[in-house]
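Notes follow once the structure below has been shown.
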Amino acid sequence: MILPAIWMAAIVYACEITILSIGFTLTYLTAKIPNFAHGTYAGWGIYVTYTMTKILGLNPYLSFPVSFLVGGAIGVIVYILVIGVLGKMGGGAIVLTISTLAIQIFLTATLYIYAFWIRDIYRTYTMQFMLKDWDFRLWGMQGIFYVALAICIVTVILLHTFLTKTRLGVSMRAVAEDPELASVLGIDVYRTQLYSWFLTGGLAALAGSMYPMWFQATPGSGALIITTIMAGSLLGGMESVYGAIVGGFGVGLSEILLTKWLQGIFGIWVGEYRPLIPMFFLIAVLLIQPRGLQGAYEWLTKSKRGIELLSRLGIKVE
Amino acid sequence: MEMLAVIGSGVAAITGMNRLIVDIAMYFGLFVIVAMALNFQYGNAGIPNFGCAVQVIVGGFTVSGITLRLAYWLVQKAGVKLLPYQTAYDWLYNSQLNVVTVNNFLKNHPLVGVSLLLFSIAVAMVLGAIIGWVISVPAIRLRATYLMITLITMADASQIFGRNIPYICGGTLGIWIPNVFAWYPGDRGVITAVVTLAIGLVCFFIFRTMLNSPYGRLMRAIRENEVTCSSVGKNVVGIRRNILMFASAITAIPGVMTAYYYSYVVDAMYQRAYWTYWSWLMLILGGPGNNAGTFLGCALVIAMRRVIIVYKWFFDKILFFPISYFEQILLGVLLIVVMIFRPDGLIPEKLLYIPGVNYTKLVREKVKVDWRTAPKMRLAGKRRRFSLKFWRR
Amino acid sequence: MDIDMVLFWIMVAIWVFMPAFIVYEEIKERRALKELLKAEASEEG
């Protein structure tokens, strides 16, 4: 082993959380609401991978594109049936957020039902599983380590190119900023929203597909990750995709590594409090600087007190 | 009257259909208090409190953490021998036998039982108010969606604490509670339900008085337009804090009564999904902003759930999965459907009736209160109904 | 008589009284509101 296993687990986890946080931030940019159902898209990704691997017997990596499509489809359906309708009817942010909560409940319940159905038909365990055995090994380390890192980096690069260079990406950003102005310029707001929901759903399902390769997955694990996703997205500032990358990676790494470190100090019982770490990040960010790292960066470089602080530390800024 | 005597004499304990009615009444009583407090917070003050699970949990933890120890101490002072309970292991392991001893003691001393009940309600209210203060700290700086995120995570965190610290409620195993109604010769469920409903009635009158008073008008004014209120000179932050503390104190009471109903406290009973989502569904279904809507929503949701449970055998035949997931699907679907088709709820909030006030002097146009756009009434007066135009373009 | 039954019927009474009271109050308020608005409308026009 070149790296200790805990570091590999942390990096894989952090990659998945990064992709999920990016999707969450994209949803927040386009729809102005936190999408509580984002983790459940990942849950569906887990089960698509599971179905294709255990039931159909294929290589799990072949299921990644399939789960991307499935996740995108779910995202689009959610938008058409619920979010779009409520937004058109003039619902405020609270109404839409409550509806995403309802969607989360609905999707988690359907996941449980699906798991039960598969268990009834195929007589195999579906509730807590890990797909580590189907993975390949390269230089003594498990394949998902390379694949997760690669997918994360490729996704970030592709997303950056997409959002800044292609016409569809730029129109997505325009719609996110100001839908009325964008429609004046001739951008079809409805279709752009459809594309953005497809993209976020697909990304989330892709991240979910990678999850059971290393960690144990249950039908509810999609809903459990949502706190970490929100913490990662909030840490980076909910309005900035690049902040989401930093925030997601940071929260993902710290959740696993901090738990390990604290377990070394206090004892093994700290492991039970692992979900508290992203919650702690969340509450700290919301209370200190609600705009996350992006806001902190702007505060440091643009506001008067920030510039004073920086100059006292010896960093000159124009 | 002889029918009553026949029924009364033939039944020694509540069984069968009567048990179902008692159960429904108990759940109704519990949820009506939670939903009314939620209505107080959201429908009237505009604070979306998705962390009401933590307020209810505090009530349950009071019973298992504080009242239980007090009961043990009292019983030991009275001279009855109890098994040791100092360490965590003994606390859990001997709890059942200790509780049986305590129950025997309480059967002969009814005053102790009643005072234990009152004590736990009082302490739960105080602790609930403290939790309300803790919740109000983020509520000052954050609005709407950020507040919801914070509160949901707080509710999850409290459940994790409860699950892992055995001194509070026995960790994952749970702890037994003595029966404070041991002196009652009949069935325990009935008197707990009656007490809960009586408390619910008292709370209803308290809330009603508060909502129809100048304080209620102040709350609604804050909900609509905070800046105006603070410019007039009202301490908006302090009022929000007061509202949250008061509503939290009231919401802790159902936690206490749940503990006494089941005689058992474990953290899984106070799950977020159970207390938060169902309460919000009741609120939204009935219509936030008025108590009648809350009642109606409660009654409908509880009737639906109990009907599902009673006819479980029927559902098991046609559906192949456990009922709880079907209930959850129903919860999610109902929430969405209600918000699309009846956003005002079944009983919409009416214009404020203040005796002696001339409306045309106050308000020139007819304003329909639309809770969905609270706290800002963007679409005051015109609200778009659901139409298929969205898909026909 | 069996005390269980007494409490049972008390519980049912509370359970019925609360909604009835609410409905009564609501109807009273809505009727008063309607009369008030009608009086103002007739006074205006």
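This structure is a prediction, so every number in the text was calculated from the model and none was measured. Order of the sequence lines sets the chain letters (A, B, ...), proteins ahead of strands, with each chain counted from 1.
- Every residue two or more places apart in sequence or in another chain was checked for a side-chain hydrogen bond (donor to acceptor under 3.5 Å, both in side chains) with B:Ser279, and none qualifies.
- The CG atom of B:Leu330 lies 11.5 Å from the CD1 atom of A:Ile105; values are rounded to the nearest 0.5 Å.
- Rounding to the nearest 0.5 Å gives a distance of 11.0 Å between CG of B:Leu147 and OG1 of A:Thr97.
- Proximity to chain B is limited to the side chain of A:Phe36, based on heavy atoms less than 4.5 angstrom apart.
- Only the side chain of A:Leu282 comes within less than 4.5 Å of a heavy atom of chain B; its backbone N, CA, C and O stay farther away.
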Give every donor-acceptor pair under 3.5 Å between a side-chain atom in residues 106-114 of chain A and any protein atom, sequence neighbours left out.
{"residue": "A:Thr108", "atom": "OG1", "partner": "A:Gln104", "partner atom": "O", "Å": "2.6"}
{"residue": "A:Thr110", "atom": "OG1", "partner": "A:Phe106", "partner atom": "O", "Å": "3.1"}
{"residue": "A:Thr110", "atom": "OG1", "partner": "A:Leu107", "partner atom": "O", "Å": "2.7"}
{"residue": "A:Tyr114", "atom": "OH", "partner": "A:Thr51", "partner atom": "OG1", "Å": "3.0"}

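- Comparing A:Ile33, A:Leu286, A:Ile283, A:Leu276 by heavy-atom pairs within less than 4.5 Å of chain B, the highest count is held by A:Leu286.
- Closest approach of B:Met339 and A:Leu86 over heavy atoms only: O-CD2, 3.6 Å.
- The shortest non-hydrogen separation linking A:Met279 to B:Asp156 is CE-CB, 3.3 Å.
- Around NZ of A:Lys260, the count of heavy atoms belonging to other residues, nucleotides or ligands within 6.0 Å does not exceed 12.
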Open item on the list: Set out, in order, the CA-CA distance, both residues' side-chain angles and the distance that settles side chain to side chain contact (heavy atoms under 4.5 Å, CB included) for A:Leu101 and B:Trp280, then state yes or no.
Closed with: CA-CA 11 Å; A:Leu101 265 179; B:Trp280 270 89; over 6 Å; no
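- No more than 12 heavy atoms of other residues, nucleotides or ligands lie within 6.0 Å of CD in A:Glu177, so this atom counts as exposed by the packing criterion.
- Minimum interatomic distance between A:Ala102 and B:Leu335 (heavy atoms only, all atoms of both residues): CB-CD2, 3.5 Å.
- Counting non-hydrogen atoms of other residues, nucleotides and ligands closer than 6.0 Å to CZ of A:Phe215 gives a total above 12.
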